[in-house]
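All values reported here derive from a predicted model rather than from experimental measurement. Below, each value reflects all heavy atoms present in this structure, side chains not excepted, and no hydrogens, waters or symmetry copies. Below, chain A is the first sequence line, B the second, and so on; all start at residue 1.
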Amino acid sequence: MASGYSAKEEDGHHSGALGPAGGAAVRSRKPDNTAFKQQRLPAWQPILTAGTVLPAFFIIGLLFIPIGIGLYVTSNNIRELQIDYTGTESSSPCFACSQNYSWNMTTPCVCSVSFSLDQPFESNVFMYYGLSNFYQNHRRYVKSRDDSQLNGNLNSLKEPSKECEPYRTNDGKPIAPCGAIANSLFNDTLALYYNDPNGTETQIQLVKRGIAWWTDKHVKFRNPVGDDSNLTAIFQGTAKPVNWQKPVYELDSDPENNGFINEDLIVWMRTAALPTFRKLYRIIEKNSSTSPTLPRGNYTLKITYNYPVRSFEGRKRMILSTISWMGGKNPFLGIAYITVGSICFFLGVVLLIIHHKYGSRSSSADLTH
Amino acid sequence: MGSLEVWSLIKQGWRRKPEQEDKVRRLISNLPYEDLRRKYQPNRQYANNSIKTTKYTVWSFIPMNLFEQFHRFANVYFVVIAMLNFVPIVNAFEPGVALIPICVILILTAIKDAWEDFRRYQADKQLNNMPCSIYSRKEKDFVSKCWKDVRVGDFVKVVCNEVIPADILLLHSSDPNGVCHIETANLDGETNLKQRQIVRGFAAPDGSFQPEYFSSIIYCEKPSNNLNRFKGYLDKPDKKKIGFGKENLLLRGCTVRNTDEAAGIVVYAGHETKAMLNNKGPRYKRSKLERKVNTDVLFCVALLFIMCLIGALGYFIWLETFPDIPPFVPPDSNNNYISPALSGFYMFFTMVILLQVLIPISLYVSIELIKVGQIFFITNDIDLYDEETDSRIQCRALNITEDLGQIKYIFSDKTGTLTENKMVFRRCSVMGIEYCHRENALRLGAQCETISDDEDIVFQKPKVPSRLQYRQKKGISSLRRSQSARTHMGARYQSEVFTITNEVAFSSPLETDVAPDRRLLRVTCDEKTQIQEWCRVSHCNGSASFMDFFLALAICNTVVVSTAMLPRQRVHSSTLKTGGRLQSLLKRMGSLSHIVNSFQSIPEKSSKSRSSLKDVKEEEAEDYSDSGSNNPSRRNSSASHHSEEERGTVSDPNGLCYEAESPDEAALVYAAKAYGFTLLARAPDRVTVRLPQGAVLSFEVLDTLAFDSTRKRMSVVVRHPITREVVIYTKGADSAIMELLDCHENQAEENKRKKIASKTQRHLDLYASAGLRTLCIAKKVLSEQAYDDWASIRQEAESTIDNREELLMETAVHLETNLTLLGATGIEDRLQDDVPATIAALREAGIQVWVLTGDKNETAVNIAYSCRLFNQGDMVFTLNTDSREQCESILDCTLGEVRRYTAPSQSWSFQSIVGAVMPTESTGPTFGLVIEGRTLSMVFEAHLQMKLLELARHCRSVLCCRVTPLQKSAVVKLVRNKLKVMTLSIGDGANDVNMIQTADIGIGISGQEGMQAVMASDFAITHFKHLKKLLLVHGHWCYSRLAKMVIYFFYKNVMYVNLLFWYQFYCGFSGTAMIDYWLMIFFNLFFTSTPPIMFGIMDRDISAETLLGLPELYKTGQNSEFYKRATFWIVMLDAFYQSLVCFFIPYWTYQGSDIDIFTFGTPMNTVSLFTILLHLAIEIKSWTAIHWGFMVGSVLLYFIVALIFSAICINCNPPSNPYWIMENQMADPVFYLVCIITTVVALLPRYIIRVLQGTLALSPLVQARKLDRLSTEARDQQIKNWKSQRSPSEVPTNLVSPVDSFSNSFEQSFYNSSLEREMPDMQWDSNEETQNTFSKGHRRSISTMTV
């Protein structure tokens, strides 16, 4: 391949070709004496020696350790509570529900789990449901969706993408939303009750709007727009996903949260990166600046247990968490920063010693002895 | 069997001509068929003259180019993988997306190929449309047409200085002698003119040419690429057959010179011409590094296989863990579930697709781009540019640049490579008396300096314009050709005829002027008084042998004479007189030959003898009588040079230019001229010489027995114009001549001759030991009868068609017997500039230099000393024996001796073999080895190669003399194969071609000996000294750059792909990629592709000055220190570590959170971009603005593309939803925190190691880099210190300039040394007692070794 450049020159007779026109061709072949062509461009030639990199190590050390401490403290200040309600153990209140699992259960199975908060949750509390061992990132599962259908494309509504197979059509009717992801939509219903010490049980207001990305809700997911503003009419002629109990246009009574723009659906459709994941379920907003969002005390979590996890030995959790600028509770980053900072600082010291011991060698003096 | 027969029948049926056409080509004139359509044309089956060197047409480009590209295994691999993506069950990516990388690669390559092909197309078109004259029957004259219109059987006319359009059988020439001169430089680079003759019997007496009457049938051989073979015969209508051969053929691509016009019939056209058949494509060599890369690619394949296997197994196990089918494993489209085992099997292929990037798809393209860039810089190096010939270094093989940095053995030719191949006449011996030409030697010594000064000025002067003005003034096409012999070498690669011409090069006074030896001059003058007697007495007695000697020098050659003003215009009476308008040029000529040769003024010859001679002058000599009679006046005025210039007489003998096939010949002719024997003109059957007396003799040349390497001599058979004797003058190698001397019947005469012979032999030995090239001159007088007998045999031999060469040689050998020795000459071949320094530097760089020469032992050894191949302190062993047993025992003996000295310092020999560490030289003596060709063949026969190699490995230098071209290549092959080292061959002549092609790198020196070496070479340079920078600087750079870049490339891909691999453990081995496919593809194609290419082209770890100052830095390349197997695995480990860091820090950060796949992948992608680029940044040793630009540009490009892509792609790229992910991430502080810490952790180990390396400065490279940071003076000082510290013995205390040292030793050897001296004295440091014993032992060993 690296050929041809000289091929013509070898033709031999070639040099005669330009003969008669030659006057202009008298041009020296002397290469230009430019810095670029002679490879003499001014250059910075750093040599990594202990002396030169010492400051860098100390700076890294001095920067990373405070950052790490900050991160660690921030993470520690986050309140988090996880309730596993899978019910695989016979002692679990949800044991009964977990035993007779099926996607198409007609009678809902409800179980309740009690728990208590030792410390109040002060700021907005985010309520997650967590699944373990659920490989939402399985390649074929991830692909099994039709984004243009979810974006409200009418053609895709009627003719879903082939990627949705085998959840593309049901009884000849296109499934909306199609695909395995939508089909396996998390369908437990969680409700949180505060058990007042006086014995009354107050349901805690769970906000279901604002749990999805703004861009997803407003740009990426859109209900198809038909002649009729009525979703039912628009979704006429489509089938519900096989595992669903209700069609997509009945997900919520709120028209702004129904159909494809139902935020629970949107959150589910954003497939999790790792097999153990949480997904935002509801937000408990802080009402007043004086009282904590979730005061200390006893709570009951009432679960409408629909979602079967026994097939993959998964676990289901409910997570309550406050949130900081760095997201949920995770001390890793803080610890990492502290560790790396310390290592760098230590290395800096080692290099300092090396520099003192061998630094003289790096000067030109050593060449003479 | 049957089908075969049918097939051959079909084949025959397709042929338009029967089978016999395979052996001979039969053609007739086209003229009678001129207007007929093509299918009636008689010669229609032969190729026409339009050429097409393009590979493709517009229509066939895509299929053919694809077909060619798929010859590369890598491309097939990637296409197969892309195709695999279309299998639904295994696809990992969008099928279309997966095709992008391979398509981009294919398209890039295709564009490059198309561009090259287009250039070829343009060049073809230009050639095809060049004008030429074809005879037309209608017009009754030659009409102007294009080259492409020429067909076999056409009559074509070429005029002077025109390029010949096809292979033409010469039938007509304007020259009265029926010759036509052509210059074959375009074909073989030989700049001397070649004579071609018209076919016998076609010389029209009136000089006209009438193609209509040509009715013969031409039979000639099939087209072949052998330039020196062509034969056939003409079948005349009268059934007479006339043979013709290569001397009747004008070859396409050659240029007609000195002949006003010539015409002939086209026998081969277009692609069937010898020029085109010789035009082989460029060479493809695979470099050592590339071979290593290929094995490492295989390692990568193995790695890929293992990873895919893990994936497949993992998927199977993962599926098995579930008690039931989980909802996230969707069934196939038919709602069926595939069994885990089968799924695992499919998963293997999915993994192959996913992890394919592990095999670096763009590596090969990148390597090629880098090599193009490297070659660009090499060819643009101003230090490798030669002003004299206006030529740069040529890189003919484009893919072995990095091999230049790994050379361990250099095999060099001597003549023309180490030496200039500018032959200067130094000494001669006539009739056993030595004439040492002291004046000449002094003159040369003085001139060296003046010339070098002078040349500088001349070169800097804007010479070109003056030349141009002159041309414009003349405006004559016949002046088109005005190149000098040497300019031409460079010129032919420029595809232009006009180049800077340098008359200095053409006829440097250094070469052309010879100061005659006073003593010899006196003798010749004395002899001149006897001339009348000589004229009268037909018998040639001994006293005339001086005359004979110079006559032989003057005529026994193939030198072509032309005038300097109109180079290549043969001396002709008309041109002699047209000199008036050439005054300006002449002035310059005069100024150049400013050293007036005072010895030229030879005493006047009495007019009496001249008039007596005039009677016997042949008709042609009459042409010169004018100039002859002008001579006395010219000579009188020669002291006052200018007056002559004013007269503008072109008959000045200084204006004669001799163009010889070999420079020795020219040197001899110039020497003869210095003594007054001026060769005036040469025609095929006549050679004219002016004698010192001013008389002009014209010898009838009866035959010329050309030089060949088996006979090692050439002869001319002439008829003496005065005595009418048939005289044979022979010149040749001493060994060839001495054996052929006759035994005289007369005892006294016999003794006398023997004495002369032995004296001459002594002189010859002396010359040889002084490094001179020796030639013997002999003559023989033949009786008329003997000649007639021989001539008839010769004629017979000439007319045979089969094995003519053998027969001709036989006849030549038959004639060259019983010669009478006339004398011998010593010609100096001057060392090229800076050869000793270059050799010293190369040796310091750990390169062993072997010199392989065809010259004789003494000459070679002397040159070896003068170019410091051997030092005075070296122990030199000479292997020279004929018998096998002796050969073996000598080898054993020598080995034992060598071992004895090296044994105490075992580490030394070990290290020198391993080559890892610089040997501490001071422990023992250094050895040199001289081996003769005969012994060498003995070694090969007796399978003693390993012993020889073992011995040679202990020696600093090896000198092989009297070796044949085949032996040269055998030696190279031996070293290359047995020692497994990188070899380089450098040579300039056709005899070096074998060796050049055998070595890993062949370097041709475009010198005087034609172009064959250059044509066979990978790199072509103009001077040996350029080797130093080429190897030490460019070799080091190219190798280190490419090696580092390749290593980096492997690292980059493994590191990136492993991110995906680690993710498989968290996605159930399902083959998910957490990075958007587009970004993933762009990552390799755009974001991280240009910095390594830039790195591979431009990084400069050590400056050129330091590399030149410290040649030992070259050893890093020799030992492949940048790219060892260990380096590969270390970098693989680093890649694994970095990918682990880049995966797991984000993983732990986002573990358990609500992050989605592609948001999770974004920081990883970004982090790996930073890591990969900063990894390169650690490796980059010099940051220029370009480096910064590429690095910052790559990062910016990534962010811009990622931001734009995720802003506009709402659902364009299912199933990954990049929409707003990048924006989202960049708004998140955690993203930055992750990026920073991951990058730091990933690069920390490498950084620390580099810091430690830099601090402890253990490797010379780091130390050298530190030197680079110093100021120039400080650096030079440090380099000196370094050298003295490393190897005190190595540095020559006073490097005398080569010319001085050579001439000094030369003169001394002549004036002081005795004749018995065989070799320069071995001098050892007197204060070293042990070495004194060595010295004794050494002397003994020399005497015992030389058998």
Enquirer: Can you tell me which portion of Asn330(A) sits under 4.5 Å from chain B's heavy atoms? Options are side chain, backbone, both or neither.
Expert: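 Contact with chain B is through the side chain of Asn330(A) alone.
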Enquirer: Working to the nearest 0.5 angstrom, can you tell me the gap between Ile1210(B) CD1 and Thr215(A) OG1?
Expert: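 Here the interatomic distance stands at 9.5 Å.
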Enquirer: Against chain B, label Val340(A) side chain, backbone, both or neither, depending on which of its atoms sit under 4.5 Å from a heavy atom there.
Expert: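 It is the side chain, since no backbone atom gets that close.
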Enquirer: Just by distance, with hydrogens left out, do Tyr1219(B) and Asp216(A) show a side-chain donor and acceptor under 3.5 Å apart?
Expert: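 Side chains of Tyr1219(B) and Asp216(A): no pair found under 3.5 Å.
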Enquirer: Between the main-chain N or O of Leu280(A) and the side-chain N or O of Asp1154(B), is there a donor-acceptor pair closer than 3.5 Å?
Expert: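 No; judged by distance alone, with no hydrogens or angles, the pair does not exist.
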Enquirer: Do you know the tightest heavy-atom contact between Pro31(A) and Asp381(B)?
Expert: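 Shortest heavy-atom separation between Pro31(A) and Asp381(B) comes out as CG-O, 3.9 Å.
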Enquirer: Tell me, for Asn133(A) versus chain B, whether the close heavy atoms (under 4.5 Å) come from the side chain, the backbone, both or neither.
Expert: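 Both parts, heavy atoms under 4.5 Å.
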Enquirer: Considering only heavy atoms and a distance below 4.5 Å, find which of Tyr1247(B), Tyr364(B), Phe376(B), Phe1160(B) pairs most often with chain A.
Expert: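 Most heavy-atom pairs under 4.5 Å with chain A: Tyr1247(B).
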Enquirer: Report the relative orientation of the aromatic rings in Phe328(B) and Tyr141(A); use parallel for angles under 30°, tilted for 30 to 60°, perpendicular for over 60°.
Expert: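 Because their plane-to-plane angle is over 60°, the rings of Phe328(B) and Tyr141(A) count as perpendicular.
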Enquirer: Which bit of Phe332(A) comes within less than 4.5 Å of chain B, counting heavy atoms only: side chain, backbone, both or neither?
Expert: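 Contact with chain B involves the side chain of Phe332(A) alone.
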Enquirer: Rounded at 0.5 Å granularity, tell me how far SG in Cys1067(B) sits from CZ in Arg139(A).
Expert: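 Here the interatomic distance stands at 9.0 Å.
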Enquirer: Just how far is it from atom CD of Gln39(A) to atom OG of Ser1103(B), taken to the nearest 0.5 Å?
Expert: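 Spacing of CD (Gln39(A)) from OG (Ser1103(B)) equals 11.5 Å.
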Enquirer: As a test of understanding, state which of Leu48(A), Ile47(A), Thr52(A) forms a side-chain contact (heavy atoms from CB on, under 4.5 Å) with Val1251(B).
Expert: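 It is Leu48(A), the one option of Leu48(A), Ile47(A), Thr52(A) that forms the side-chain contact (heavy atoms from CB on, under 4.5 Å) with Val1251(B).
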Enquirer: So which part of Thr350(B) gets closer than 4.5 Å to some heavy atom of chain A, the side chain, the backbone, both or neither?
Expert: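 Only the side chain of Thr350(B) comes within 4.5 Å of chain A.
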Enquirer: Rounded at 0.5 Å granularity, tell me how far CG in Leu71(A) sits from CG in Leu1233(B).
Expert: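 Reported to 0.5 Å precision, the distance equals 5.5 Å.
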Enquirer: Give me the atom names and distance for the closest heavy-atom approach of Thr49(A) to Gly1254(B).
Expert: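 Closest heavy-atom pair between Thr49(A) and Gly1254(B): CG2-O, 3.5 Å.
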Enquirer: Taking every non-hydrogen pair under 4.5 Å, which of Ala1274(B), Gly1152(B), Ala1185(B) racks up the most with chain A?
Expert: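 When all of Ala1274(B), Gly1152(B), Ala1185(B) are compared, Gly1152(B) has the most.
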Enquirer: Any idea which of Ile1145(B), Asn1224(B), Asp117(B), Val329(B) has the most non-hydrogen atom pairs under 4.5 angstrom with chain A?
Expert: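 The residue among Ile1145(B), Asn1224(B), Asp117(B), Val329(B) with the greatest pair count is Asn1224(B).
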Enquirer: Do the non-hydrogen side-chain atoms of Ile1157(B) and Val142(A) ever get within less than 4.5 Å of each other?
Expert: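 Answer yes - side chains close enough.
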Enquirer: CZ/Arg1100(B) to CD/Gln45(A) distance, rounded to the nearest 0.5 angstrom?
Expert: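 Reported to 0.5 Å precision, the distance equals 5.5 Å.
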Enquirer: With a 4.5 angstrom heavy-atom cut-off, could you sort out which part of Leu150(A) is near chain B: side chain, backbone, both or neither?
Expert: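 When you check distances to chain B, no heavy atom of Leu150(A) falls under 4.5 Å.
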Enquirer: Under 4.5 Å, counting heavy-atom pairs only, tell me which of Met326(A), Glu313(A), Lys279(A), Arg168(A) racks up the most with chain B.
Expert: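 Among Met326(A), Glu313(A), Lys279(A), Arg168(A), the one with the most close pairs to chain B is Glu313(A).
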Enquirer: Would you confirm whether the ring centroid of His138(A) sits within less than 6.0 angstrom of the ring centroid of Trp318(B)?
Expert: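 That pair passes the under 6.0 Å test.
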Enquirer: Counting only non-hydrogen atoms closer than 4.5 Å, does Ile67(A) touch chain B with its backbone (N, CA, C, O), its side chain (CB onward), both, or neither?
Expert: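 Contact with chain B is through the side chain of Ile67(A) alone.
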Enquirer: Where on Phe36(A) is there a heavy atom nearer than 4.5 Å to chain B: the side chain, the backbone, both, or neither?
Expert: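 Both parts, heavy atoms under 4.5 Å.
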Enquirer: Could you tell me which non-hydrogen atom of Asn335(B) sits nearest to which non-hydrogen atom of Pro166(A), and how far apart they are?
Expert: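 Answer, listing the atom of Asn335(B) first, then Pro166(A): OD1-CG, 3.8 Å.
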Enquirer: How far apart are the C-alpha atoms of Trp325(A) and Asp1228(B), what are their side-chain angles, what is the distance that settles it, and do they pass the side-chain contact (heavy atoms from CB on, under 4.5 Å) test?
Expert: CA-CA 8 Å; Trp325(A) 56 269; Asp1228(B) 183 3; 6.0 Å; no
Enquirer: Using the side-chain contact (heavy atoms from CB on, under 4.5 Å) rule, take Trp214(A) and Trp1220(B) through it: C-alpha gap first, then chi angles, then the decisive distance, then the call.
Expert: CA-CA 10 Å; Trp214(A) 189 93; Trp1220(B) 219 250; over 6 Å; no
Enquirer: Less than 4.5 Å to any heavy atom of chain B: does that hold for the side chain of Lys220(A), its backbone, both, or neither?
Expert: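 Both parts, backbone and side chain.
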Enquirer: Which atoms of Ile325(B) are under 4.5 Å from chain A, going by heavy atoms: the side chain, the backbone, both sets, or neither?
Expert: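 The backbone, not the side chain.
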Enquirer: To check you understand the geometry: which heavy-atom pair defines the closest contact between Pro275(A) and Tyr1066(B), and what is its length?
Expert: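 Scanning both residues, the minimum pair turns out to be CD-O, 3.0 Å.
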Enquirer: Side chain, backbone, both or neither: which part of Pro42(A) has an atom under 4.5 Å from a heavy atom of chain B?
Expert: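 Contact with chain B involves the backbone of Pro42(A) alone.
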Enquirer: Where on Arg1250(B) is there a heavy atom nearer than 4.5 Å to chain A: the side chain, the backbone, both, or neither?
Expert: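 Looking at Arg1250(B), backbone and side chain both touch chain A.
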Enquirer: If we define contacts as heavy-atom pairs under 4.5 Å, which of Asp32(A), Ile343(A), Asn33(A), Val267(A) has the most with chain B?
Expert: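 Most heavy-atom pairs within the cutoff with chain B belong to Asn33(A).
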Enquirer: Taking the side chain as C-beta and beyond, is there a heavy-atom pair between Ser311(A) and Pro323(B) under 4.5 Å?
Expert: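 When only atoms from C-beta onward are counted, Pro323(B) and Ser311(A) do not touch, as no gap falls below 4.5 Å.
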Enquirer: Pick one of side chain, backbone, both or neither for Thr276(A), based on which atoms fall under 4.5 Å of a heavy atom in chain B.
Expert: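 For Thr276(A), the backbone is the part near chain B, not the side chain.
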Enquirer: Could you check Ile1248(B) against Phe57(A) for side-chain contact (heavy atoms from CB on, under 4.5 Å), going step by step and ending with a plain yes or no?
Expert: CA-CA 10 Å; Ile1248(B) 289 282; Phe57(A) 276 88; 3.4 Å; yes
Enquirer: Taking every non-hydrogen pair under 4.5 Å, which of Lys329(A), Arg140(A), Glu165(A) racks up the most with chain B?
Expert: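 That would be Arg140(A).
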Enquirer: Who wins among Val1234(B), Leu384(B), Thr1159(B), Thr1184(B) for the most heavy-atom pairs under 4.5 Å with chain A?
Expert: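 Most pairs with chain A among the choices: Thr1184(B).
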Enquirer: Considering only heavy atoms from C-beta outward, does the side chain of Ile1236(B) approach that of Phe64(A) to under 4.5 Å?
Expert: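 SC-SC contact between Ile1236(B) and Phe64(A) confirmed.
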Enquirer: Hey, does the side chain of Arg1265(B) reach the backbone of Pro46(A) with a donor-acceptor pair shorter than 3.5 angstrom?
Expert: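 Yes, because the side chain of Arg1265(B) sits within donor-acceptor range (under 3.5 Å) of the backbone of Pro46(A).
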Enquirer: Determine yes or no for a side-chain-to-main-chain donor-acceptor pair under 3.5 angstrom, with Asp1156(B) supplying the side chain and Arg270(A) the backbone.
Expert: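 It does not hold such a pair.
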Enquirer: Which value, rounded to the nearest 0.5 Å, describes the distance between Leu347(A) atom CG and Leu1244(B) atom CG?
Expert: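 One gets 5.5 Å once the value is rounded to the nearest 0.5 Å.
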Enquirer: Could you walk me through whether Asn137(A) and Tyr1063(B) satisfy the side-chain contact (heavy atoms from CB on, under 4.5 Å) test, starting with their C-alpha distance in whole Å, then the side-chain angles of each, then the deciding distance to 0.1 Å, before giving a yes or no?
Expert: CA-CA 10 Å; Asn137(A) 54 15; Tyr1063(B) 188 59; 3.2 Å; yes
Enquirer: Would you say the ring centroid of Phe277(A) lies under 6.0 angstrom from that of Tyr1150(B)?
Expert: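 No - the distance between ring centres of Phe277(A) and Tyr1150(B) does not fall below the 6.0 Å cut-off.
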Enquirer: Which of the residues Gly179(A), Ser148(A), Ala43(A) is involved in the greatest number of heavy-atom pairs with chain B at under 4.5 angstrom?
Expert: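 Among Gly179(A), Ser148(A), Ala43(A), the one with the most close pairs to chain B is Ala43(A).
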Enquirer: Please rank Ile1180(B), Val1241(B), Val1230(B), Ile1237(B) by heavy-atom pairs under 4.5 Å with chain A and give me the top one.
Expert: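 Highest number of heavy-atom pairs under 4.5 Å: Ile1237(B).
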Enquirer: Is there a side-chain contact between Met1098(B) and Leu41(A) in this structure, where contact means two heavy atoms from C-beta onward sitting under 4.5 Å apart?
Expert: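 SC-SC contact between Met1098(B) and Leu41(A) confirmed.
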Enquirer: Given the options Ala1073(B), Pro331(B), Pro326(B), which has more heavy-atom pairs under 4.5 Å with chain A than any of the others?
Expert: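 Heavy-atom pair counts peak at Pro331(B).
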Enquirer: Check each atom of Thr1149(B) against the heavy atoms of chain A and say whether the ones under 4.5 Å are side chain, backbone, both or neither.
Expert: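 Both backbone and side chain.
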